[in-house]
Amino acid sequence: SASVRIAGAGLYPSVSAGLDGARRKQNFIGFPIPGSTSNVLSTQATSYGLSLATSWEIDLWGRVRAGKRAAIADSEAVLSDFEMQQMSLAAQVSKAWVNAIAAREQLMLAQASASSFEETANKIEERYEQGLRSALEFKLSVNSVESAKALVVDRRQQLLQAQQQLELLLGRYPSGTLELEGGLPELIGAMSAGIPSSVLERRPDLVAAERRLAAADQRLWESRAALFPQISLSGSTGTSTAELRDVLDTDFSVWTLAGNLAQPILQGGRLRAGVDLSKSKIKEATYQYVSIALRAFSEVEFGLASEGFLRDREGHIVAAATQSESALLLANRRYESGLEELINVLESQRRSLSDGTQVILIRQARLNNRIDLYLALGGSVEE
């Protein structure tokens, strides 16, 4: 990156070339020329020069090299931050897609339930008009239909919001017209304890924290090396002539070569303070690394625990939904035979709707938890 090239530029000599020209007039006061009306003697001269200057600091103590290594580590940390943002965005898009699919399935379930309530209400209305059912049963059936229709409207709104959220994450206008294909996918395999901690080493945020710790360590060495003498060499060569045509003539060449040794003695404590600041930066980077590592382990442990709890809960909810479906069929048959009250049929329909809703919710929760777990691990375990 550009910052690495800038930090490492001091390892190489700096070279500059120049071409200059000058014209000068000089007065000699007190030297009159006999026969001249002027009391001031003056001369004019023109000079041209071509120069090539070189300077180089010998990195004897590794100060410049440490600065370059720190810049490389910082650059790698930034790249890891970018990778983490990419993974986070991918996870958000995946969860938004799962939520949108789940919202669509909830709408379909609500529509099916409303149709079931309406079918029951139509039968009761016919029998009510024939005097075979009471007004109370008719009103209860109509109440159930209206409640079911209200739920359908609510589910449509939830689906629209889920579609718009997904469209925003995809960088599209939130029109709510995004076509959704397929249903909620089935989870393949099971995540369990025993995942090696080395898997977490690929988490981009943990890599970034480690790289920033490495950069802080190199900057400590850089600040310490600044306390030592700085050795530099400088030189220049070129030509100097009064005629422009002779500027490339080596007979008019001039050159200089110099060495310099500078030892900091008194700078108001600036260099020592730089060392202390670098030490504090190392402590800060260490605490940050430990904090991110602990958070990573916490996210993985929480995800693994939730994986088991949600799986067990799904088993119970599916079993309950199966029983509620059977109870609804039985209640309808018994009601048709005159052996059951309408209130039990309506209650069976509500339980079936509620359990069906819970099945979709638990599958949605398991998928979102698996996405969070993959993100916590820095990717799928199989990678």
Side-chain angles (χ1 to χ4, degrees), residues 1-20 49-90 200-238 255-264 267-293 378-379:
S1 67
S3 59
V4 174
R5 294 198 302 270
I6 292 172
L11 293 172
Y12 307 99
S14 62
V15 181
S16 60
L19 176 64
D20 61 87
L50 177 66
S51 62
L52 184 68
T54 303
S55 63
W56 179 40
E57 178 184 345
I58 301 176
D59 191 29
L60 184 62
W61 317 111
R63 180 181 62 84
V64 179
R65 292 193 296 273
K68 182 179 179 179
R69 288 193 294 268
I72 292 174
D74 279 335
S75 178
E76 292 170 343
V78 171
L79 290 176
S80 295
D81 286 337
F82 178 69
E83 184 181 353
M84 189 64 191
Q85 292 301 320
Q86 286 181 312
M87 291 180 58
S88 178
L89 178 59
L200 295 179
E201 294 178 359
R202 63 186 180 184
R203 274 184 57 135
D205 57 343
L206 200 57
V207 173
E210 186 278 329
R211 289 288 79 202
R212 289 192 170 91
L213 177 57
D217 182 68
Q218 291 300 317
R219 287 203 166 88
L220 174 60
W221 177 253
E222 182 183 20
S223 62
R224 284 173 172 170
L227 299 171
F228 304 145
Q230 297 182 10
I231 303 173
S232 60
L233 299 176
S234 61
S236 64
T237 184
W255 59 269
T256 61
L257 179 64
N260 179 56
L261 175 64
Q263 168 63 53
Q267 295 193 10
R270 180 177 62 87
L271 297 180
R272 293 290 181 183
V275 174
D276 295 338
L277 179 61
S278 297
K279 291 180 179 178
S280 65
K281 291 293 184 181
I282 288 180
K283 291 182 179 179
E284 179 183 357
T286 302
Y287 294 148
Q288 184 178 13
Y289 179 81
V290 172
S291 175
I292 293 176

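It should be emphasised that the depicted structure is a prediction, and the values quoted were computed from it without experimental measurement. Count residues from 1 along the sequence. Side-chain atoms are counted along with the backbone in the values below, which use heavy atoms only and exclude waters and symmetry mates.
Remark: side-chain polar atoms of Trp61 are paired, donor with acceptor, to backbone N or O of Pro229 under 3.5 angstrom. Proximity of a side-chain donor or acceptor of Ser75 to a complementary backbone N or O of Ala71 within less than 3.5 Å is not detected.
Every residue two or more places apart in sequence or in another chain was checked for a ring pair (Phe, Tyr, Trp, His ring centres under 6.0 Å) with Trp221, and none qualifies. Partners of Arg211 under the salt bridge (charged side-chain N to carboxylate O under 4.0 Å, His left out) rule, at least two apart in sequence or in another chain, are Glu76.
Within a 6.0 Å sphere centred on OH of Tyr287, other residues, nucleotides and ligands contribute 12 heavy atoms or fewer.
Remark: Arg219 CZ to Arg63 CZ distance equals 13.0 Å, nearest 0.5 Å. Remark: Asp217 CG to Lys281 NZ distance equals 15.0 Å, nearest 0.5 Å. Taking CZ from Arg224 and OG from Ser278, the interatomic distance works out to 9.0 Å, rounded to the nearest 0.5 Å. Between atom CG of residue Leu277 and atom CZ of residue Arg272 there is a gap of 15.0 Å, rounded to the nearest 0.5 Å.
Side-chain contact check for Leu220 versus Ser223: some heavy-atom pair is nearer than 4.5 Å. Looking only at side-chain heavy atoms (C-beta outward), Ile292 and Gln288 come within less than 4.5 Å of each other.
We find that Arg212 and Asp81 are joined by a salt bridge, their nearest charged nitrogen and carboxylate oxygen being less than 4.0 Å apart.
Summarising the geometry of Val4 relative to Ile72, their closest heavy-atom pair is CG1-CG1, 3.5 Å, with the distance given to 0.1 Å. Scanning both residues, Met84 and Asp205, for their nearest heavy atoms gives SD-N, 3.9 Å. What you find for Pro204 and Met87 is that their closest heavy atoms are CG-SD, 3.5 Å.
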